[in-house]
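Sharing a structure with you now.
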Amino acid sequence: MALYEKTATELVGLLASGQVTSEEVTKAYAERIKAVDGRVGAFLRVDVDAALAQARGIDERRKRGDKLGRLAGLPVAVKDLLCSHGELTTCASKMLETYRATYDSTVVAKLKAADAVLLGRTNMDEFAMGGSTENSAFQKTRNPWDLERTPGGSSGGAAACVAADEACLSIGTDTGGSIRQPAALCGVTGLKPTYGRVSRYGLVAFASSLDQAGPMARTAEDAALLLEVMAGHDPLDATSIDQPVPEYSKSVREPLKGLTLGLVREHFAAGLDGEVETAVREAVKTYESLGAKVKEVSFPHAKYGVAVYYIIAPCEASSNLARYDGVHYGRRTDEKQLAAELDAERKQLLAAGKKREAEQLDTSLVRLYRKSRAEGFGPEVKRRIMLGTYALSAGYYDAYYLKALKVRRLIRQDYDKAFEQCDLIVGPCTTAPAFKIGEKVDDPLAMYLVDLYTVSANLAGVGGISIPCGFSKAGLPIGLQLQGPPLAEDKLLRAAHMYQTATDWHTRRPKL
Ligand code: GLN
């Protein structure tokens, strides 16, 4: 077995016992990336020299007998919207194409403190808006299981690099499903923590009340290890939860006794692909054979999830993205060209005898903002800004935004009621396996409906995990979603691990 095929847990053991060096592991990934990423396109940037320098530094410290962090010497890939001091942090947007972060996000700072090797930055939908990674301004990422298909999104690069053995751990973010959905479509394990479990400081905001970073890995054990490093209270994020971080990496192996799973009646309705349904029902049987009880639960407001999400997320996005005007933040349009255009417009008006119009031409800063934003943002981001601005404007606020907030509360109550009857909720993660590149990109509604099973967890603020639970006849991975009450990451990981000890879906690899 090649080094790059090992799990993070295995590698941490091999590194700690000195059987392999971080330099060897980092080289193995660098070579793997060189061999396959031309086809997969998971990474926006990989700085092999910088990664090797970090690796050698850690190897030296280990030789000296220094005390090292939890991930010492292990390469980790990071989605390109978490600030890392001095590094480009583009959010896959032209708007931030040249933005170098001036500070570390807390997640990156924690990775550094754990002595991880920062391997590279992964591709995503622009500002995390999308479900296929096709909205990246820079490149397409392909699903390692079928290069004609998308890896899902928005953390498509983060999922694809793990599926393609280009990294064993990566960091994704999830606002409406962006960790779990690409994990499902690429056949890896991805966990969206409870809102507030992981600090959002330095995570470039999309929708602040929904955004959450989390681990992507091949196994629940590995995800537990990474979450343990990432999680925790942070005074720099007022929404982070002040609760101690359990030792997920230890508890993950403890089986759950007396587990009751809730099967959501509304999940098995029209729109669910037959092969996905079969795989999920099989997985539920596996849990039963492991001693779990299964109860049917109802989510009467689940059907409003997508509608509510696509009001609240764009509203928050339109506000968060106002800062990218080419002056405060973001790419500024070419000012010489802007002046020349203005001049040409003025001359044209004068030539047409429109002296007054020429005098009244907009020469303001607004013109600079408008052009900078028109050039810097892609079509989906513009669509979200328009949707959000509309829903927040006077006269519509009550009808859309306020109403959406009320339904959001009802969705949370559905969860509270369900968790009176069961420990975790089990169901499909996506309606269907990976779709073709180009298939939905021109149909925003079809793309939004992909988020049917994932947005509710974000709206309610609870945690969810997707784990591989089978393959379609065409050989595409299928994901099982488990969701838990607030701060039940420990249970989610244990239940996921329990399943992974009884099945081998998560060990299968695409042929690349
Ligand atoms: N697909 C959803 C969207 O486009 C979710 C994105 C995310 O979680 N970042 O908004």
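Computed from a prediction, not measured in an experiment: that's the story for all the values here. Counting convention: from 1, in listed order, for ligands and their atoms alike. Heavy-atom basis, side chains included; hydrogens, waters and symmetry copies ignored.
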| said: Which label fits F299 and Y415: parallel for a plane angle under 30°, tilted from 30 to 60°, or perpendicular past 60°? | reply: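 Ring orientation of F299 relative to Y415: perpendicular.
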| field | Protein heavy atom at shortest distance from atom 7 (C) of ligand 1 | value |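 Of the protein heavy atoms, S178 OG, 2.3 Å lies nearest.
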| query | Do other residues, nucleotides or ligands put more than 12 heavy atoms under 6.0 Å from the OH atom of Y103? | reply |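 Result for OH/Y103: enclosed.
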| request: Could you tell me which atoms of ligand 1, counted from 1 in the order shown, lie closer than 4.0 angstrom to a heavy atom of G176? | output: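 Answer, ordered by atom number: 5 (C), 7 (C), 8 (O).
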| query | Got a sec, which residues hit salt bridge (Lys or Arg N to Asp or Glu O under 4.0 Å) with R412, two or more places apart in sequence or on another chain? | reply |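 Scan of R412 (salt bridge (Lys or Arg N to Asp or Glu O under 4.0 Å), adjacent residues dropped) gives D416.
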| Quick one: does ligand 1 sit under 4.0 Å from the side chain of Y448, the backbone, both or neither, non-hydrogen atoms only? |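 No part of Y448 is near ligand 1 at this cut-off.
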| message | Return the closest protein heavy atom for atom 2 (C) of ligand 1 as residue, atom name and distance. | response |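 Protein heavy atom with the smallest distance to atom 2 (C) of ligand 1: D451 OD2, 3.1 Å.
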| So, does R384 sit close enough to ligand 1 that a heavy atom of it is under 4.0 Å from the ligand? |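 Per 4.0 Å heavy-atom rule, R384 contacts ligand 1.
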| task | Considering the heavy atoms of S154, write down every atom of ligand 1 situated less than 4.0 Å from one of them. | result |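 What qualifies from ligand 1 is 9 (N).
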| Heavy atom of G130, distance to ligand 1 below 4.0 Å |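 The answer is yes, since G130 has a heavy atom less than 4.0 Å from ligand 1.
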| task | Taking only heavy atoms of F206 into account, list the atoms of ligand 1 that are under 4.0 Å away from them. | result |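 Heavy-atom distances to F206 below 4.0 Å select 9 (N), 10 (O).
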| query | Which of the atoms of ligand 1 are close to D174, meaning less than 4.0 Å from one of its heavy atoms? | reply |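 By the 4.0 Å cutoff, the relevant atoms are 8 (O).
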| field | Which of the ligand 1 atoms, numbered from 1, are nearer than 4.0 Å to a heavy atom of A128 | value |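 Selected atoms, number and element: 6 (C), 7 (C), 9 (N).
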| said: Using the rule salt bridge (Lys or Arg N to Asp or Glu O under 4.0 Å), only one of K94, R331, R370, R332 pairs with E375; which is it? | reply: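 Answer to the salt bridge (Lys or Arg N to Asp or Glu O under 4.0 Å) test with E375 among K94, R331, R370, R332: R331.
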| Nearest protein heavy atom to atom 5 (C) of ligand 1, by residue and atom, and its distance? |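 Closest protein heavy atom to atom 5 (C) of ligand 1: Y309 OH, 3.4 Å.
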| message | Give me the atom names and distance for the closest heavy-atom approach of C429 to R180. | response |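 Looking at all heavy atoms of both residues, the closest pair is SG-O, 3.4 Å.
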| task | Please identify which atoms of ligand 1 are closer than 4.0 Å to at least one heavy atom of Y310. | result |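 Under 4.0 Å from Y310, ligand 1 has these atoms: 1 (N), 2 (C), 3 (C), 4 (O), 10 (O).
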| request: Count the heavy atoms of every other residue, nucleotide or ligand shown that sit under 6.0 Å from NZ of K382, and state whether that count exceeds 12. | output: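 For K382, atom NZ is crowded (more than 12 foreign heavy atoms under 6.0 Å).
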| How would you list, by chain and number, every residue that makes a salt bridge (Lys or Arg N to Asp or Glu O under 4.0 Å) with D273, sequence neighbours excluded? |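 With sequence neighbours excluded, D273 shows a salt bridge (Lys or Arg N to Asp or Glu O under 4.0 Å) to no residue whatsoever.
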| query | Between the main-chain N or O of Y453 and the side-chain N or O of Q481, is there a donor-acceptor pair closer than 3.5 Å? | reply |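 A pair under 3.5 Å: yes.
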